[in-house]
Asks: 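One structure, as structure tokens, below. Some questions next.
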2 protein chains.
Amino acid sequence: MEDRKAVDPPHPAQDVTEHVGYRLKRSAAALRGAMDRALREHGLTVPQYACLELLDERPGLSNAELARGAFVTRQSMNVVLRGLQDAGLTSRPAAADRGRALPAHLTAEGRARLDAARSVVYAIERRMVDAVPQRRLAALLADLDRMAEALDG
Amino acid sequence: MEDRKAVDPPHPAQDVTEHVGYRLKRSAAALRGAMDRALREHGLTVPQYACLELLDERPGLSNAELARGAFVTRQSMNVVLRGLQDAGLTSRPAAADRGRALPAHLTAEGRARLDAARSVVYAIERRMVDAVPQRRLAALLADLDRMAEALDG
DNA sequence: TTCTTCATGTCAGGACTTTGACATGAGAGA
DNA sequence: TCTCTCATGTCAAAGTCCTGACATGAAGAA
């Protein structure tokens, strides 16, 4: 017992399940699980949905840009984008106009799929938002951003 | 354009990157990335570290209990736990005393590994906490919990 | 005693995610 | 012109994570 290094917890807590990291993981996992279940009926996975949303908002994003926008590596996004392409939901030119970036776009089918799916995702987020006192929402979002920035630089 | 279903966003936002889901994902991904990098030097992955922490706190948890504590399925935890066992960081009896649950324990090596690793994780969490106004921390954690509960029931 | 239900452990397969690696295109500087 | 740097795309391998499936042990009810 005396040999064990005493490490101060990140903030006052009885155990690890009270730590900010644990609770952040918990809510993120809850969101992920709920989205998985809801999007499944629309034939979409969460990463695919995220990709479609980003493309809807900014048509022509490259694989690397999509990866950055979805907080994954470009290798991961390559796999997701390939799957979407194979499913006919997105399209990309075979070669780049200049450089190496291939601008991706939603197909009509992709757009239709996204439109059908987004309402279930928004409903889930709605439930999260409704669980938080309205006056605290902006601060909560700002705190999340600050924590992310503190780690990302 | 007129054919598109108008769906109300979960809360006022210009685009999807302002949604609570997106920002939660962002901070969770930042935490995951930071932990991945830091724990790597200790020869541990994030899921392994989480498992060790839970076992340190509650020796004898079963695979299914660990899975619930780490917010993953028991199949996923089985893989993690197997890896830890193979690495000599945890141990489990080959058969259960009663029922099916196999109580897992940290080995001395596992405990030492955990002790070495936990300081880097706590330092990361410390950075997150320090980025948030001190007076807001409790509310932030409570809100995270509320959102999780709203989805988990 | 038998059946049902619930929980556990584990195997299988597929999607996602990371790191490492390689190749390529463009721009800037020497 | 050549070299270096940066960014992109893609392949490979290993770990993570999920769902589906099967087997098993225990408890409770009929």
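Just so we're on the same page: letters track the sequence lines, and every chain starts at 1.
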Asks: To the side chain of A:V79, which of D:dA26, D:dC11, C:dT17 is closest?
Replies: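 Selected nucleotide: C:dT17.
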Asks: Of the listed nucleotides (D:dC11, D:dT16, C:dA15), which one gets closest to any side-chain atom of A:Q75?
Replies: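 Of all the options, the side chain of A:Q75 is nearest to D:dC11.
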Asks: Give the C-alpha distance, both sets of side-chain angles, the deciding distance and a yes or no for salt bridge (charged side-chain N to carboxylate O under 4.0 Å, His left out) between A:D36 and A:R32.
Replies: CA-CA 6 Å; A:D36 278 335; A:R32 182 57 189 269; 3.3 Å; yes
Asks: In whole angstrom, what separates A:E65's CD from D:dG9's C1'?
Replies: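 The answer, rounded to whole Å, is 13 Å.
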Asks: Please work out if B:S76 contacts a base, only the sugar-phosphate, or nothing of the nucleic acid, heavy-atom cut-off 4.0 Å.
Replies: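 Base, at least one base atom sits under 4.0 Å.
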Asks: For D:dG20 and A:R40 - does any side-chain N or O of the residue sit under 4.0 Å from the phosphate oxygens OP1/OP2?
Replies: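 For D:dG20, OP1 or OP2 has a side-chain N or O of A:R40 closer than 4.0 Å.
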Asks: Less than 4.0 Å between a side-chain N and a carboxylate O, is that true for A:D130 and A:R127?
Replies: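 No.
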Asks: Please check the phosphate of D:dC17 (OP1 and OP2 only) for any side-chain N or O of B:T73 closer than 4.0 Å.
Replies: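 For B:T73, the contact criterion (side-chain N or O under 4.0 Å from OP1 or OP2 of D:dC17) is not met.
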Asks: Send over the distance from B:M77 CE to C:dT10 P, rounded to a whole Å.
Replies: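 Going from CE in B:M77 over to P in C:dT10 covers 13 Å.
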Asks: Find the distance B:L81:CG to C:dG9:C1' and express it as a whole number of Å.
Replies: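 Distance check: B:L81 CG to C:dG9 C1' gives 11 Å.
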Asks: Measure from the side-chain heavy atoms of A:R98 and tell me the nearest of C:dG27, C:dT8, C:dC16.
Replies: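 The answer is C:dG27, which lies nearest to the side chain.
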Asks: Need to verify one output field. Residue with the more 5' nearest nucleotide on DNA chain D, B:V72 or A:R92?
Replies: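 Upstream on the strand: A:R92.
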Asks: Of the options B:V80, B:L55, B:L66, which is the one that meets B:T90 in a side chain to side chain contact (heavy atoms under 4.5 Å, CB included)?
Replies: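 The residue from B:V80, B:L55, B:L66 that satisfies side chain to side chain contact (heavy atoms under 4.5 Å, CB included) with B:T90 turns out to be B:L55.
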Asks: Specify the separation, in whole Å, of atom CG of B:L66 and atom P of C:dA7.
Replies: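 Rounding to the nearest Å, CG of B:L66 and P of C:dA7 are 17 Å apart.
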Asks: Tell me the interatomic distance from B:L39, atom CG, to D:dG15, atom C1', rounded to whole angstroms.
Replies: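 Atom-to-atom, B:L39 to D:dG15, this comes out as 14 Å.
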Asks: Given D:dC11, D:dT8, C:dT10, which nucleotide is nearest the side-chain atoms of A:N78?
Replies: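 Closest nucleotide among those given: D:dC11.
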Asks: Could you tell me how far apart B:R68 (CZ) and D:dC17 (P) are, to the nearest whole angstrom?
Replies: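 These atoms are roughly 17 Å apart.
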Asks: Let me know the distance between CE of B:M35 and P of C:dT17, rounded to the nearest Å.
Replies: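 Computing the B:M35:CE to C:dT17:P distance gives 18 Å.
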Asks: Rounded off to whole Å, could you give me the CG-to-C1' distance for the A:L44 and D:dT19 pair?
Replies: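 Going from CG in A:L44 over to C1' in D:dT19 covers 17 Å.
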Asks: Does B:D86 have more than 12 heavy atoms from other residues, nucleotides or ligands lying within 6.0 Å of its CG?
Replies: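 Yes, the 6.0 Å shell around CG holds more than 12 heavy atoms from other groups.
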Asks: Report which part of the nucleic acid B:R37 touches: base, sugar-phosphate, or nothing (heavy-atom distance under 4.0 Å, all strands).
Replies: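 No contact.
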Asks: For A:D97 and A:F71, find the nucleotide of DNA chain C closest to each by heavy atoms; which residue's nucleotide sits nearer the 5' end?
Replies: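 That would be A:F71.
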Asks: Thinking salt bridges, do B:R26 and A:E149 make one under a 4.0 Å N-O criterion?
Replies: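 Salt bridge: yes.
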Asks: Please compare B:R82 and A:R100 by the position of their nearest nucleotide in DNA chain C and report the one closer to 5'.
Replies: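 In this pair, the answer is B:R82.
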Asks: Indicate, with a heavy-atom threshold strictly under 4.0 Å, whether B:S62 touches base, sugar-phosphate, or nothing.
Replies: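 Sugar-phosphate: the residue B:S62, judged by heavy atoms under 4.0 Å, touches backbone atoms but no base.
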Asks: What is the nucleic acid contact for B:R74, judged by heavy atoms within less than 4.0 Å: base, sugar-phosphate only, or nothing?
Replies: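 Base contact.
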